[in-house]
Amino acid sequence: MKFQSTRDKSAAKFSAAEVIKQGLAADGGLFVPESLPTLTETDIKALCAMDYPERAATVLGKFLTDYTAEELLADCRAAYAESSFVGGAAPLHKMDDTMYSLELWHGPTAAFKDMALQIMPRLLSRALVKTGEERTALILVATSGDTGKAALEGYKDIERIKIMVFYPVDGVSTVQKLQMQTQTGDNVNVTAIKGNFDDAQTGVKKIFGNAETAKKLDGMGYFLSSANSINWGRLAPQIVYYVSAYCDLLTNGALKYGEPMNVTVPTGNFGNIFAAYLAKKMGLPIDKLICASNKNHILTDFLTTGTYDRNRDFYLTMSPSMDILISSNLERLLYFVAGPERTAAYMKQLNENGIYTVDEDIKNAISQSFYGYFADEQQTAETIRRTMDRYHYLIDTHTAVAISAAEQYVEETGDRKPMVIASTASPYKFAADVYASLYEGTSASPLTALDDLSAKSGTEITYPLRGIGERTVRFTDVVEASEMQDAVFAYLAK
Ligand SMILES: *Cc1c(COP(=O)(O)O)cnc(C)c1O
């Protein structure tokens, strides 16, 4: 299986190991497989008899044909071990006869990014060997909170890789900051910068764009790499849990083979929902894909009007991982629906004017699979309350946005097929907002919110967040944004 850019069919094609190492195509496009493998009835029935790591290795094997079955199974067993994913990698929680929550947050950082970031570093480590790379990969990440921690946990103690994470000193939550400052592992570094997330992001991009830095790093035996969500190595593992959810619906008798399910995904960068679309294209019986957005509902607008317009206000919400105006992975959907020429043209318009409108046939083709709904802040809080009342189920703010969207879809269409809702974070990761949505008053501090939520709801704090206030803080450096590059070399010199 070879991979090519979303923007040019005639450009060079690469192996999976090469695209995982490279990240982005040279023309600025994203890598996509040149053809899609299929999931037949025999495949799906066989997958149903497997445990999660085997399901993952089998599905990944259809794309990563330059990795052996043994390599993939060993990596998936290590990535999705019971010790990392306590309670299972992607358990399906039944809310009622047609609503199911696919809990993707049982990993080491209590958010769904673990599903990809626990496996992708292992794939990268092997990619270095497969591509004859002799240097060590230095992963640089600018984070507004969640991605940084998930990347640190994923890359820690992986051979031939070092990771350095920059975060805005006053721009992440107390819990997020503590999660990063207490990170374990011998190949990790965490540094705060004076500035906001954009300053951190700009600083990292500058380092990536500096040819002299690259040369100096090369001389020291390093090359730069990113843990970006547009890397194919992060996307492919996300296909697996939709297949897994379908298997679980077959096993528990909710569906007979061939009957479709619907899927709702709380969406930011469009990676998670695009993985569900790929599963559908490969043959998994999925009917509708419901794209859920928060107050930043650029995708809802795109799906209803065909116009993507990022010239609009940006809001900070209680579902911060969906606060985004550029959904990079949407480019991959455009490629599959509109082909590379039109995709390149739309992306050019987006870069130049911040807006594009897809042709009518493209809009119609997308509407056959996708529906878009959003929940504002009040609807999000109400959904957290209603979900507790109606289903006795505690959810986080992102999952609440999805449940609201799923309910709006059912209300509007009357479609009562089994609905799988991607639950992307533990409620304890956003304990203060969840607590405030459910109960009178607020907690004394962001850390006491975890205990308060546990006491009032009668549920246990998700294991990676337990006792977070008592762990040893390892990383306290704060630098100016202009000193980020010096900080990189200071870390490598240690
Ligand atoms: C990253 C994230 C999302 C958005 O996922 P995309 O793949 O970017 O659409 C939703 N919820 C949580 C909790 C996240 O961390």
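Counting starts at 1 for both ligands and their atoms, following the listed order.
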*Is it the case that more than 12 heavy atoms not belonging to Glu460 sit under 6.0 Å from its CD atom?*
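No.
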*May I ask you to decide if the ring planes of Tyr346 and Tyr356 are parallel, tilted or perpendicular, using 30° and 60° as cut-offs?*
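Rings of Tyr346 and Tyr356: parallel, as their planes differ by under 30°.
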_Result of checking Glu407, Gln408, Glu412 against Tyr373 for side-chain hydrogen bond (donor to acceptor under 3.5 Å, both in side chains)_ =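 That would be Glu412; it is the only one of Glu407, Gln408, Glu412 passing the side-chain hydrogen bond (donor to acceptor under 3.5 Å, both in side chains) with Tyr373.
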Short N or O separations between ligand 1 and the protein, below 3.5 Å:
| from | atom 1 | to | atom 2 | distance (Å) |
| --- | --- | --- | --- | --- |
| ligand 1 | 7 (O) | Gly271 | N | 3.3 |
| ligand 1 | 7 (O) | Asn272 | N | 2.9 |
| ligand 1 | 8 (O) | Asn269 | N | 2.7 |
| ligand 1 | 9 (O) | Gly268 | N | 2.7 |
| ligand 1 | 9 (O) | Asn269 | N | 3.2 |
| ligand 1 | 9 (O) | Phe270 | N | 3.1 |
| ligand 1 | 11 (N) | Thr424 | OG1 | 2.8 |
| ligand 1 | 15 (O) | Lys113 | NZ | 2.5 |
| ligand 1 | 15 (O) | Ser321 | OG | 3.3 |

_Criterion side chain to side chain donor-acceptor pair (under 3.5 Å) on Asp415 and Tyr409, from CA distance to verdict_ = CA-CA 8 Å; Asp415 180 356; Tyr409 168 80; 2.5 Å; yes
*Salt bridge Lys113-Asp146, side-chain N to carboxylate O under 4.0 Å*: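 The answer is no: the pair does not qualify as a salt bridge.
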*Find out whether the Lys NZ or Arg CZ of Lys295 is both under 6.0 angstrom from the six-membered ring centre of Tyr315 and within 45° of the ring's axis.*
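Output yes; distance and angle both within limits.
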